[in-house]
Amino acid sequence: MYTKQIHVVNPSGLHARPASDFVGLAKTFQSKIEIGRAGEDDAYNAKSIIMLMSLGLEQGEQAVLSAEGEDEKEAVEALAELVAGFTD
């Protein structure tokens, strides 16, 4: 399992278009990918737009991305880079 903490910088958080882009990228990887709010035990399926939207990550929050599978590191790093690039 590969895990990385990320920081949500987008003013609207991880909602609507950013969430759609995130899930679209997550689905390109074979690994099981989860995302959760840092400091909480709950983790959500990062390949589900419904689960990601229900998480409701806002600007300034910390989240934890984790993946397990043959492309786990590539998946987490690509998704972390995507989230870091969301600025509006």
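Heavy atoms only: backbone and side chains are in, while hydrogens, waters and symmetry mates are out.
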Arg37 (side chain) donor-acceptor with Gly56 (main chain) under 3.5 angstrom
yes

Atom pair CE/CD of Met1 and Glu68 - distance to nearest 0.5 Å
4.5 Å

Partner set under side chain to side chain donor-acceptor pair (under 3.5 Å) for Glu58, not counting sequence neighbours
His15

For Val8 against Val83, the heavy-atom pair lying closest together:
CA-CG1, 4.3 Å

Does atom CD (Glu81) have a neighbourhood of more than 12 heavy atoms from anything else shown, all under 6.0 Å?
no

CD/Gln59 to CG/Leu14 distance, rounded to the nearest 0.5 angstrom?
12.0 Å

Short side-chain to backbone donor-acceptor contact, Ser54 and Met51, under 3.5 Å
yes

Does Tyr2 form a side chain to side chain donor-acceptor pair (under 3.5 Å) with Glu77? I'd like the steps, not just the answer.
CA-CA 9 Å; Tyr2 186 77; Glu77 292 297 333; 2.4 Å; yes

Any chain of hydrophobic side-chain contacts (each under 4.5 Å) joining Val76 to Val64?
no

Could you state the interatomic distance from NZ (Lys32) to OG (Ser66), rounded to the nearest 0.5 Å?
8.0 Å

Just do the side-chain contact (heavy atoms from CB on, under 4.5 Å) check on Leu79 and Leu25 with the steps written out, would you?
CA-CA 7 Å; Leu79 289 166; Leu25 180 58; 3.8 Å; yes

Minimum heavy-atom separation for Asn10 and Pro18, please, with both atom names.
ND2-CG, 3.0 Å

Which heavy atom of Ala84 sits nearest to which heavy atom of Val9, and what is that distance?
O-CG2, 3.6 Å

Can you give me the closest heavy-atom contact between Phe22 and Leu52, atom names plus distance?
CD2-CD2, 3.5 Å

Tell me the closest heavy-atom pair linking Met53 and Ala19, and the distance in Å.
SD-CB, 3.7 Å

Restricting to non-hydrogen atoms, name the atom on Ile33 and the atom on Ala26 that form the minimum distance, rounded to 0.1 Å.
CD1-O, 3.6 Å

Please report the C-alpha distance between Thr3 and Leu65 in whole Å, then the side-chain angles of each, then the deciding distance to 0.1 Å, and finally whether the side-chain contact (heavy atoms from CB on, under 4.5 Å) criterion is met.
CA-CA 6 Å; Thr3 302; Leu65 272 172; over 6 Å; no

Would you list the atom pairs, donor with acceptor, under 3.5 Å between side chains in residues 40-47 and any protein atom, with sequence neighbours excluded?
from, atom 1, to, atom 2, distance (Å)
Asn45, OD1, Lys47, N, 2.8
Lys47, NZ, Phe29, O, 2.7
Lys47, NZ, Ser31, O, 2.9

